[in-house]
Amino acid sequence: MNSSENLFSKFLQSKSIFKNREALTISFSPENIPHREKQINDLGRILAPALKGGRPSNVFLYGRTGTGKTLISNFVGSELEKISENNGQTIKVLYVNCKMKRTADTEYRLMAYLSKMLGKVVPFTGLPTDQIYKAFFETLDEKKQTVILIIDEIDALVEKTGDEILYNLTRINQDLKNSKVSLIGITNSLGFIESLDPRIKSSLSEEELIFPPYNALQLQDILRGRASVAFIPGMLEPGVIEKCAALAAQEHGDARRALDLLRVAGELVERNTEQKVTVKHVDVAQEKIDIDRILETVKAQPRQSQAVLFSIIELAEKNKEIQTGEVYDNYQEICKKHGFKILTTRRVSDLIAELDLFGIINTKIISKGRYGRTRIISLGLSSSIIKKLKKLLYEIFL
DNA sequence: AGTCCACAGGAAGGGCAGGCGA
DNA sequence: TCGCCTGCCCTTCCTGTGGACT
């Protein structure tokens, strides 16, 4: 037996514990969606007028991450499309997530993306904004149809580009002769709708649906349903599903988190060529998910942001509470050492705020009276994550 | 009561890259 | 190739501020 066979033989001999790993990812569409019957029925009732050629009301969906908003709007949307085919109506459902980087995170990109989904190719950049609107409107109005536009993470879009785009979209029907458009806005920010211009608010939220967090028992049901598709029977030890559900329930009842935990736990078992998923694997999975998320975020940062974080980590080794000024001084040293351009304090201040937003650092603005106002910065991560983070940054900067 | 520190963070705009159409 | 448009990163300039110190 040669070495490469040796390398993989253990893996090949071991049987996979998964039947269909996909069932534990968010892109999977399960056959039934437990504990969301009310939301499905409500949304169906709201969108039903489209089947008789009417324009459904605009709807707003609220709820925290992993409460099924996206899943259900896509589910109801595709059911509607299916039925409309038999019914002689043309209904088109367009889904767009505004957090998709470089796809729909600006006004221009959103319109370009939507046009593309309707079959009209427009350049990614270069056209004036009013032309891209025109292109979208014209494509939309080419034939008689009802278009349901699902805008996911709508708060991210407004935060970045302002609410003018929503104003334009809510008035879109005034300019259309043939087609009708209704909007489904999805957000996990409960205060979002209140922050909108009243005119937009009233037309955007003609109807509202609330998605409460799942409790631990409901999460168990969801996990059992998915696990029966995902795993070969008998691969989960008792208590595994309960543990995943309990951990996810602590994090505001996030079904996505619960599924991730179960999937990663399964992957750990498979990688170690062990037999069964145990409660212990869930604990390891929990930590692994956190570490991976942080490391991926840091890796994806531009060099300047990494330099700022490196500065913070170096200082955090010496003292617990760090101020913006200290971070900047140390950052300058790092830049000199590596030949980077030194950014202004203003810019670095924004980079620090960004790192805070990502959850990599914790900041708090305090006043030290005579000695000024500043951010107090600390690393709010577990020691094992900090260790890996240090390793990653030392590889880059030493 | 007033001062003043060390920043926070808003507004405006410069410069560049990517990508058009002419 | 040129002029034009947009997004992005960044600078410049500026106003705002909580509370220790005088």
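Throughout, a chain's letter reflects where its sequence line sits, starting with A, and its residues are numbered from 1.
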Using atom NZ of Lys368(A) as one end and atom P of dT17(C) as the other, report the distance to the nearest whole Å. 21 Å

Worked check of ring-ring contact (aromatic ring centres under 6.0 Å, His included) between Tyr62(A) and Phe211(A): CA-CA 6 Å; Tyr62(A) 298 105; Phe211(A) 286 66; 9.6 Å; no

How many Å lie between CD1 on Ile352(A) and P on dC10(C), as a whole number? 14 Å

If we only count heavy atoms from C-beta on, is the Lys243(A) to Asp283(A) side-chain gap below 4.5 Å? yes

Met111(A) atom CE is separated from dT6(C) atom C1', nearest whole Å, by 15 Å

Between dT11(C), dC7(B), dC4(B), which nucleotide has the shortest distance from any of its atoms to the side chain of Leu343(A)? dT11(C)

Distance check needed: dC8(C) P versus Glu354(A) CD, whole Å only. 12 Å

With the side chain of Ile365(A) defined as its heavy atoms from C-beta on, choose the nearest nucleotide among dG18(C), dG9(B), dC10(C). dG9(B)

Side-chain N,O (Ser349(A)) to OP1/OP2 (dA8(B)) below 4.0 Å: yes

Is Gln323(A) near enough to dA6(B) that one of its side-chain N or O atoms lies under 4.0 angstrom from OP1 or OP2? no

Side chain of Gln304(A) only, heavy atoms from C-beta on: which candidate in dC10(C), dC7(B), dA8(B) is closest? dC10(C)

Any Thr344(A) side-chain N or O less than 4.0 Å from OP1/OP2 of dT11(C): yes

Are there more than 12 heavy atoms of other residues, nucleotides or ligands under 6.0 Å from atom CD of Glu274(A)? yes

Using atom OH of Tyr113(A) as one end and atom P of dT6(C) as the other, report the distance to the nearest whole Å. 23 Å

Using side chain to side chain donor-acceptor pair (under 3.5 Å), reason through Thr65(A) and Asn188(A) one step at a time and then give a plain yes or no. CA-CA 6 Å; Thr65(A) 37; Asn188(A) 48 30; 5.0 Å; no

His338(A) and Phe397(A): ring-ring contact (aromatic ring centres under 6.0 Å, His included), yes or no, with the steps? CA-CA 8 Å; His338(A) 293 86; Phe397(A) 289 103; 5.4 Å; yes

Checking all strands, does Ile376(A) fall into the base, sugar-phosphate, or nothing category for heavy-atom contacts under 4.0 angstrom? nothing

Considering only heavy atoms and no angle criterion, is a donor-acceptor pair shorter than 3.5 Å present between the side chain of Arg347(A) and the base of dT11(C)? no

Using atom CG of Asp350(A) as one end and atom P of dA11(B) as the other, report the distance to the nearest whole Å. 13 Å

Whole-Å distance separating the CZ atom of Arg375(A) from the P atom of dG16(C): 19 Å

Taking for each residue the nucleotide of DNA chain B bearing the nearest heavy atom, is the 5' side occupied by Arg346(A) or by Gly325(A)? Gly325(A)

Would you mind reading off the distance between Arg373(A) atom CZ and dA6(B) atom P, rounded to a whole angstrom? 14 Å

Just N and O in the side chain of Thr324(A): are any of them under 4.0 Å from OP1 or OP2 of dA8(B)? yes

